[in-house]
Amino acid sequence: MSIYEEVEIEDLDYDPVELQYTYPCPCGDVFQITLEELWDGEDIAPCPSCTLRIMIIYEEDDLPPLPDDFDDDSDDSDESEEESVAEDTDQTVEEKLIDSMQKNLTVH
């Protein structure tokens with residue numbers, strides 16, 4: 001894997017809402033790396049629009065802390081929420097089917 005440039009973390013832009021660092025790419029897009037990835041020891045930021053990558057030079061002391069409410073299993077909570085919505089939808093469908101069958105039985 002080739003590295004386009006080595007960049008000091010102080011030269012990257014930090015978005016505290018997205019918890020993400022960015023740096024301009026020559027293609028017009030930006031290299032991106034999350035705070036979590038940096039805390040996990042990752043130091044390569046790819047550009048989502050081209051094949052270029054930069055290496056970020058940093059010490060963990062340079063990083064802001066992850067928020068107290070940061071949940072690295074956020075994908076799992078989304079899945080359980082989707083399952084819950086699916087169960088609610090299934091119950092609603094079952095209730096509609098039962099109501100429909102009861103109406104048919106009482107009419108005849």
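All figures in this text were calculated on a predicted structure; none of them were measured in a lab.
We find the CG-CD distance between Leu19 and Glu37 to be 11.5 Å, quoted to the nearest 0.5 Å.
Hydrophobic clustering, with ILVMFWY side chains joined whenever heavy atoms are under 4.5 angstrom apart, keeps Ile56 apart from Val30.
In this structure, Ile54 and Ile44 have side chains that are not in contact, with every pair of non-hydrogen atoms separated by 4.5 Å or more. Cys50 places a side-chain heavy atom less than 4.5 Å from the side chain of Cys25. Two residues are said to be in side-chain contact when any heavy atoms from C-beta on lie closer than 4.5 Å; Leu52 and Cys27 fail this criterion. Residues Leu63 and Tyr14 fail the side-chain proximity criterion, which asks for heavy atoms closer than 4.5 Å. Inter-residue side-chain proximity for Pro16 and Pro64 is flagged as unmet; no heavy-atom pair is nearer than 4.5 Å.
Contact detail for Asp11 and Tyr23: the closest heavy-atom pair is O-CD1, 3.6 Å. Across all their heavy atoms, Glu6 and Ile57 have their closest contact at OE1-CD1, 4.0 Å. Contact record, Pro48 with Asp29: CG-OD2, 3.4 Å, taken as the closest heavy-atom pair.
For the side-chain contact (heavy atoms from CB on, under 4.5 Å) criterion with Ile33, the lone passing option out of Thr22, Leu38, Ile9, Asp43 is Leu38.
A donor-acceptor pair under 3.5 Å is absent between the side-chain atoms of Asp40 and the main chain of Glu42, judged by distance alone. Judged by distance alone, with hydrogens and angles left aside, the side-chain atoms of Glu18 form no donor-acceptor pair with the main-chain N or O of Asp15 at under 3.5 Å. Looking only at distances, no side-chain donor or acceptor of Trp39 sits under 3.5 Å from a matching main-chain atom of Pro65.
Taking the six-membered ring where the residue is Trp, Phe31 and Tyr4 present parallel rings, their angle staying beneath 30° rather than reaching 60°.
Considering only residues two or more places apart in sequence or on other chains, Glu10 meets the side-chain contact (heavy atoms from CB on, under 4.5 Å) condition with Glu8, Asp62.
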